[in-house]
Number of protein chains: 2
Amino acid sequence: MAATGLKKGGIYRHFSSKEELALEAFDYAWEQAAAGRLAGIREVPDCVDRLKMMIDNFVEKRAGLVPGGCPLLNTAIDSDDGNPALRSRARIAMQRWTNRISAIVSEGIHKRQIDAKVNPRKLSQIIISSLEGALMIGRIQGNDVALQNAREHLDHYLEQNVRAASGKSRRVRAS
Amino acid sequence: MAATGLKKGGIYRHFSSKEELALEAFDYAWEQAAAGRLAGIREVPDCVDRLKMMIDNFVEKRAGLVPGGCPLLNTAIDSDDGNPALRSRARIAMQRWTNRISAIVSEGIHKRQIDAKVNPRKLSQIIISSLEGALMIGRIQGNDVALQNAREHLDHYLEQNVRAASGKSRRVRAS
């Protein structure tokens, strides 16, 4: 109160609006980012190809859609001991993103496009970890080499360890 | 302040600027983090096992050694458009960490412990991306599930796609 010269009520009003502003900004940025990542994937019938498209979207569209990068990556750092409401908002967004990817994996298992041994939640986290980590490296290095590299790695992993054996042979026959 | 025993004014008097203080703090935090990650790996003769130990160190020791998490992850966000000297310091630290892992991979290829088709620089980036991304997820989720998951994934990947075929058969004979 001494520092700001505001009365107690003034400080609370100021803090609550600032917090609200941060939440609104996060929601907007996340909506944009999620829309970019999920663009066009509903139209892809094969679930492994759908995962690959989401990865593609992340790598290709991230720069144009969200100028500041991934809102989750930003929030992971900023809200560490700062804004608990923002942290909980980020946690919910992360859960939703994980659920979204897990649902694609589960559908793929159900349709026998994805190996039944794959754990949907674990695979989702592997994909998200690799992409977010590569984004962070790219930010430090000032280029997208790590992101391109992560895509190559994930694509190869999905074909080799995730796609069901029957799907692999269909692909071979088709090519 | 806790580390130096100096009061706030004393800390600022010690460094010529806030930027310099940030650089010194980064160097100190990075030194601690790197020491934790590389602890004991020289004594491991097999290069794949050495990579696995480094991953183990990252997953297990990260909390104790650097209270604020990974200095690179923090800096990736903070110095995005802030302190350019800090950003360049982070870039050098990232390069050194990549070089360190690449050197282990190259040695492993030379000793025929690692498949000659593996690209040392790409593999280094995959390992770093996965770990840093998992650290970031863990920070949002408030637990280390993503880190444990990343370790399991990387260990499996190293055994399946990185270890040389001769090394695999040696391991089977030994067990």
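Lettering follows sequence order; numbering is per chain, from 1.
At a 4.5 Å heavy-atom cutoff, A/N119 makes no contact with chain B through either its backbone or its side chain.
Between A/I126 and B/N149, the closest heavy-atom pair is CD1-O, 3.7 Å. Scanning both residues, B/I137 and A/S129, for their nearest heavy atoms gives CD1-OG, 3.5 Å.
Note that OG of B/S130 is 11.5 Å distant from CD1 of A/I127, once rounded to the nearest 0.5 Å.
In the hydrophobic clustering of this structure, B/M53 groups with B/I55; members are Ile, Leu, Val, Met, Phe, Trp, Tyr whose side-chain heavy atoms approach within less than 4.5 Å, directly or through other members. Both A/L131 and A/L38 are assigned to one and the same hydrophobic cluster, defined by single-linkage of ILVMFWY side chains at heavy-atom distances under 4.5 Å. Both B/V118 and B/L158 are members of a single hydrophobic cluster when ILVMFWY side chains are connected at heavy-atom separations under 4.5 Å.
Interface remark: of the candidates A/Q125, A/M94, A/E152, A/Q95, A/Q125 forms the most heavy-atom pairs closer than 4.5 Å to chain B. Most heavy-atom pairs under 4.5 Å with chain B, from the set A/H153, A/Q160, A/H156: that is A/H153.
Judged as a side-chain hydrogen bond (donor to acceptor under 3.5 Å, both in side chains), and not counting sequence neighbours, the contacts of B/R89 are B/D27. Remark: B/N99 engages B/R121 in a side-chain contact (heavy atoms from CB on, under 4.5 Å) (not counting sequence neighbours).
Within 6.0 Å of atom CZ in B/R91, more than 12 heavy atoms from other residues, nucleotides or ligands are found, so the atom counts as buried in its surroundings.
Here the side chain of B/R87 pairs no donor or acceptor atom with the backbone of A/Q141 at under 3.5 angstrom.
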